[in-house]
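Proteins come first, then strands; the chains are lettered A, B, ... in the order of their sequence lines, and each starts at number 1.
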There are 2 protein chains.
Amino acid sequence: MDKPAPRRVTIVDVARHAQVSTTAVSKVLRDAYGASPAMREKVRQAIAELGYRPSAAARGLRGQTYTIGVMLPELRNLFFADILDGITAQLGDSPYQVLLAPGCNGEKAEARVIDAMIDRSMDGLVLIAPVSAKKRLTEVARSVPTVVVGRHGSSPAYDSVTDDDIAGAALVVDHLVGLGHRRIAHIEHHETDRVRLAEMPNAQRADGYRQAMTAHGLHAEIDIASTSYTQAGGYLGAQQLLARPVRPTAIFAGADVVALGALEAIAEAGLTVPGDISVAGYDNSALAAFGPISLTSVDQDGRQMGAAAARLLIDRIGNRDRRTAQVKLSPTLVVRRTTATA
Amino acid sequence: MDKPAPRRVTIVDVARHAQVSTTAVSKVLRDAYGASPAMREKVRQAIAELGYRPSAAARGLRGQTYTIGVMLPELRNLFFADILDGITAQLGDSPYQVLLAPGCNGEKAEARVIDAMIDRSMDGLVLIAPVSAKKRLTEVARSVPTVVVGRHGSSPAYDSVTDDDIAGAALVVDHLVGLGHRRIAHIEHHETDRVRLAEMPNAQRADGYRQAMTAHGLHAEIDIASTSYTQAGGYLGAQQLLARPVRPTAIFAGADVVALGALEAIAEAGLTVPGDISVAGYDNSALAAFGPISLTSVDQDGRQMGAAAARLLIDRIGNRDRRTAQVKLSPTLVVRRTTATA
DNA sequence: AAACATTTGGAAAACGTTACCCACATCACT
DNA sequence: AGTGATGTGGGTAACGTTTTCCAAATGTTT
């Protein structure tokens, strides 16, 4: 009953069936120059009749694999999922297939995953919020077309797509100042590495906060709790801020989870939101949109970022020598129920 | 300044550098028989010195690609993410690399993705909650080792890992009956296809509900609203149930999102949970655990399911002719604040 | 009609591995 | 000494594509 696994249909079979050379079939497959319309039709029909599918492995040995690798640090982050949606949507009817490598949190895992993708001769890489050293990224980008998403700073080797975190922080501060707040505090993710201090979004948000405060003449009111972008970090940061001699009337958390932790600490201190304190987050995650929470938050258009990354990548695959580009998108503020007049 | 991209280090370079044959290097790479410890050491050193990495494309042409493909229908579903964690954890220090194909909702997209994985000569496939026809799955499994996760029913071609949804439903019913409830209603995902009716988890949950009710002598109280596994479906389903001549005192929703919709409808009807009505969900998602919601829910150990799937797959890659296995795990009930005495 | 450009099609050499042999040396028994 | 068995190492033909070439046919200009 069990047939001995019918041998794979290859390009040779197609060529024989269509009575042409394998070269001809290859040309049709790749839409390459040097095949008449008549031959194209003949070959296409043979392909359909035989149900032929090209082997990516064999292709990879000589030419392209038509595979795009995407690395993202955390599957559970909905923002990253949005970016991915944007990428796949953009690549929807291209011949490229997107493959994802899971579990890339930490520099070491990241390196491993990137190597794995290069080993598999992927045609292009999208690295979302990579933490590797810049030198390493540059090396990678030299060996395969690469787009870096969510990390500021430009490189001669790779294109990058970012959201304007400085502008995002300013949106929040402007909004709060507009509501009459002056003592606006910020909870940031603690960062020591020098390059990351310049390139990572968290650092940019803190910077944007400082700049915006200064622009409003509130330089003296700048107050930052330096913890981490986690719920616990938010809890801790808010506790610190609430213990200040003069309590802030508004807290700008660097991420939605941080805001969540802050809300917890505030409630625990017997204060109300937004009655006593306004709170704003960043990322506009599902968490923020969720009814009972209803958090004012900065929205980055992940889908658009993904689409932009995909466009840049395909473009670069076609022309590896063009100058690198930096795409910067603008965030928007989504006002909900955690912010109100001071 | 830009060097002309130094040619890739190949197995030939390694062989030359270690002064052995390429065969020897290949043997060392694959831990194959026929290489002395001394030679192994020599080769390993050469590999390290040259920074050699095998090309997966070339490997795929003759042997294995050391790549496992995972298909999952929805990235945003945290339960799926847990399964994936289990897979990657199990495969952590194996030579296999896991790659994910995103965006496989719907039979058509699913087919496309599976084909893409086969084209890339992956060594094994894990299909999570696939919707394809059984015949198609069998075909796929015949051409590449496959494990199906989250779909009941056995096959001679593929291994499967499921959670016991019938037992899960019984857990909920038992719990509610224990609290004194008798009028326990269920919101199911409407299903028409015959095979799916037997194999899909949603159908099993509804079945389990019926069986458990009957076992408790509550056959006459069985009451099902047939909508869909979405928040809107839960909202609608609860509305229907609340309009019954005799209102249920408890609602067992087939999934957490469904329960969320139900909660909304109940609140809108001016009723309280769990005062007037108890509500239980299924999946124990982050949603359920979230403080303000605190939903009683059935927990499936996704990590364990993933790990089991990975084990089965590796095993089958090693021995393609062994009989297929069906692993069935037991769910547990997590009681929270949405269920109470009738 | 000659000279040249363009189109059409194919032959054959890569690409980097692995699998299947075969050869030789060594060792343990008869 | 002869016979296997075992261990060690390598030669070489695949694997299924793409990429150079090159030749012949056809079209276009002088």
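A sub-4.0 Å separation between OP1 or OP2 of C:dT17 and a side-chain N or O of B:Y52 is present. Put simply, B:R30 has no side-chain N or O that comes within less than 4.0 Å of OP1 or OP2 on C:dT17. Look at B:S21 and you'll find a side-chain N or O under 4.0 angstrom from OP1 or OP2 of D:dG10. OP1 or OP2 of C:dG16 has not a single side-chain nitrogen or oxygen of B:S55 nearer than 4.0 Å.
Checked by atom type and distance alone, the side chain of B:E110 pairs as donor or acceptor with a backbone atom of B:S132 at under 3.5 Å. Not a single donor-acceptor pair under 3.5 Å links the side chain of A:T22 to the backbone N or O of A:I11.
The base of C:dT17 has none of its N or O atoms less than 3.5 Å from a complementary donor or acceptor on the side chain of B:R59. For A:T23 and C:dA11, a side-chain-to-base donor-acceptor distance below 3.5 Å is present, hydrogens and geometry of angles not being considered.
Taking only side-chain atoms of A:V20, from C-beta outward, the nucleotide of C:dG10, D:dG10, C:dG16 with the closest atom is C:dG10. The side chain of B:A58 sits closest to C:dG16 out of D:dG16, C:dG10, C:dG16. Considering only the side chain of B:S26, C:dT18 comes nearest among C:dT18, D:dG9, C:dA11. Taking the side chain of B:R62 as heavy atoms from C-beta on, and the options C:dG9, C:dT17, D:dG16, the nearest nucleotide is C:dT17. Proximity note for A:S36 (side chain, C-beta onward) versus D:dG16, C:dG10, C:dT8: the nearest is C:dT8. When the nucleotides C:dG16, D:dT17, D:dG9 are ranked by their closest atom to the side chain of B:K27, D:dG9 comes out on top. In the set C:dA19, D:dG16, D:dT8, the nucleotide with an atom closest to the side chain of B:Y33 is D:dT8.
Rounded to a whole Å, the CG atom of B:L29 is 15 Å from the P atom of C:dG16. Whole-Å rounding puts the A:K42 NZ to C:dT8 P distance at 13 Å. A:M39 has its CE atom 15 Å from the C1' atom of D:dA25, to the nearest Å. C:dC15 atom C1' lies 11 Å from atom CZ of B:R8, rounded to whole Å. Rounding to whole angstrom units, CD of residue B:E41 and C1' of D:dG9 are separated by 18 Å. Distance CG (A:L50) to P (D:dG16): 14 Å, rounded to an integer number of Å. Protein atom CD1 of A:I11 is 6 Å distant from nucleotide atom C1' of D:dT17, rounded to whole Å. Rounding to whole angstrom units, CZ of residue B:R16 and P of C:dG16 are separated by 12 Å.
A donor atom on one side chain and an acceptor atom on the other are not found under 3.5 Å apart for B:Q45 and B:E41. Under the 3.5 Å distance criterion, with hydrogens and angles disregarded, a donor-acceptor pair is assigned to the side chains of A:T67 and B:R120.
When each of A:Q326, A:R322, A:R311 is paired with A:D159, the side-chain hydrogen bond (donor to acceptor under 3.5 Å, both in side chains) condition holds for A:R322 and for no other.
Between B:V149 and B:M305, the shortest heavy-atom distance links the atoms CG1-CE, 3.9 Å.
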